[in-house]
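Structure record follows, encoded as structure tokens.
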Number of protein chains: 2
Amino acid sequence: MKLPIDEIDRKILRFIQADSAQSMVELGDRVGLSASACHRRLKALEERGFVAGYRAVLNRSKLGLSMQFFIELSLTSQSDKTFEAFERAVRDIPEILECHLMAGQSDYILRVVCQDAAAFERLHRELVARLPGVARIHSNLSIREVKEWSSLPV
Amino acid sequence: MKLPIDEIDRKILRFIQADSAQSMVELGDRVGLSASACHRRLKALEERGFVAGYRAVLNRSKLGLSMQFFIELSLTSQSDKTFEAFERAVRDIPEILECHLMAGQSDYILRVVCQDAAAFERLHRELVARLPGVARIHSNLSIREVKEWSSLPV
DNA sequence: GATGAAAAATCCCTCCT
DNA sequence: AGGAGGGATTTTTCATC
């Protein structure tokens with residue numbers, strides 16, 4: 001498995017991160033290659049595992065999910081059992097979009113979305129606070145996304 | 001502009017969030033519709049603004065960007081000038097993938113990625129700490145992503 | 001080994017029922 | 001909403017450098 005990727009490969013990765021719905025002709029034009037050469041390179045990049053997948057990005061506010069929070073929380077114990085039970089439960093709550101195990105004082109950071117303050121209260125009281133092993137919760141409201149959906153720097 | 005979307009529309013949105021590279025035949029099968037009917041619905045959803053775009057998701061670790069941080073920071077003043085200068089600068093730093101204006105004690109939360117500890121030190125010292133108007137910085141390392149790339153609950 | 005051009009296979013998208 | 005058709009696009013083949 002050859003590891004290095006050249007500047008053209010990086011361009012391809014940059015462009016498909018920004019927009020994966022363009023045709024091979026367009027993509028080829030942008031990177032200075034024919035459609036077939038560009039296609040071959042993209043397939044090779046996929047084959048080598050550089051592309052995790054292709055996804056549609058939805059309009060959150062259009063779906064009524066205009067509130068977003070980062071929730072920091074700690075667990076009552078550091079045992080594997082506690083962590084595993086917590087993580088399993090997290091994965092089953094669709095409003096929790098992300099969950100990070102953190103170094104530092106807070107054990108976890110969650111990113112959650114919801115429709116309004118009432119929905120957040122319900123989400124907080126009935127789901128997050130009841131996650132197994134939760135000791136301390138601190139919620140932070142995102143007022144505005146200054147920068148979002150940014151591409152990875154390749 | 002008609003607002004309500006039905007259960008089939010929601011299914012379409014769910015599936016294209018998880019994988020936008022499937023054909024209309026596949027997608028139609030999953031939602032219980034013919035390819036042409038499914039195509040019509042998807043185009044209508046795009047037309048009405050439910051789809052913000054289509055993107056490739058890359059493999060971070062494969063690109064050597066295996067470290068991820070959430071950086072909380074406050075600014076020295078609450079003036080519009082300070083905020084604008086800060087936000088403009090943030091948008092120009094590719095390692096900063098996201099930036100949220102927050103309610104609560106910290107003014108902003110950034111999500112950044114980098115290759116290793118050395119790269120983070122450089123990023124922190126030479127870019128983040130020098131952002132205009134920065135008063136206080138607190139960095140949090142994400143040890144592991146328990147849940148990531150989760151679809152919006154539609 | 002990688003490229004571009006052209007062929008083959010597939011898919012998108014419109015029209016019609 | 002489903003099906004069929006034409007047109008575009010993807011994907012493979014092949015000659016060339």
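Naming: A, B, ... by sequence-line order, numbering from 1 per chain. Hydrogens, waters and symmetry mates play no part in the numbers below; they use all other heavy atoms, side chains included.
- Under a 4.5 Å side-chain heavy-atom criterion applied to ILVMFWY residues, the cluster that includes B/Val25 comprises that residue alone.
- Annotation: side-chain contact (heavy atoms from CB on, under 4.5 Å) contacts of A/Ala85 (sequence neighbours excluded): A/Arg88, A/Pro132.
- Applying the ring-ring contact (aromatic ring centres under 6.0 Å, His included) criterion to A/Phe69, with sequence neighbours excluded, gives A/Phe120.
- Scored by the ring-ring contact (aromatic ring centres under 6.0 Å, His included) test, A/Phe15 finds no partners at all (sequence neighbours excluded).
- Partners of A/Arg10 according to the side-chain contact (heavy atoms from CB on, under 4.5 Å) rule, which considers only residues two or more places apart in sequence or in another chain, are A/Ile5, A/Glu7, A/Arg14, A/Val154.
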Which parts of nucleotides 3-17 of chain C does protein reach within less than 4.0 Å, heavy atoms only, written one letter per nucleotide 5' to 3' as B for base, S for sugar-phosphate only and - for none? BBB------SSBB--

In residues 93-104 of chain A, what donor-acceptor pairs under 3.5 Å come from side-chain atoms, sequence neighbours left out?
| residue | atom | partner | partner atom | Å |
| --- | --- | --- | --- | --- |
| A/Glu98 | OE1 | A/His100 | NE2 | 2.8 |
| A/Glu98 | OE1 | B/Arg111 | NH2 | 2.8 |
| A/Glu98 | OE2 | A/Arg111 | NE | 2.9 |
| A/Glu98 | OE2 | A/Arg111 | NH2 | 3.1 |
| A/Glu98 | OE2 | B/Arg111 | NH2 | 2.7 |
| A/His100 | ND1 | B/Ser142 | OG | 3.0 |

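- Applying the side-chain contact (heavy atoms from CB on, under 4.5 Å) criterion to A/Ser36, with sequence neighbours excluded, gives A/Ser34, A/Arg40.
- Contacts between chain B and DNA chain D, taken as any atom within less than 4.0 angstrom of a protein heavy atom, begin and end at D/dA1 to D/dG3.
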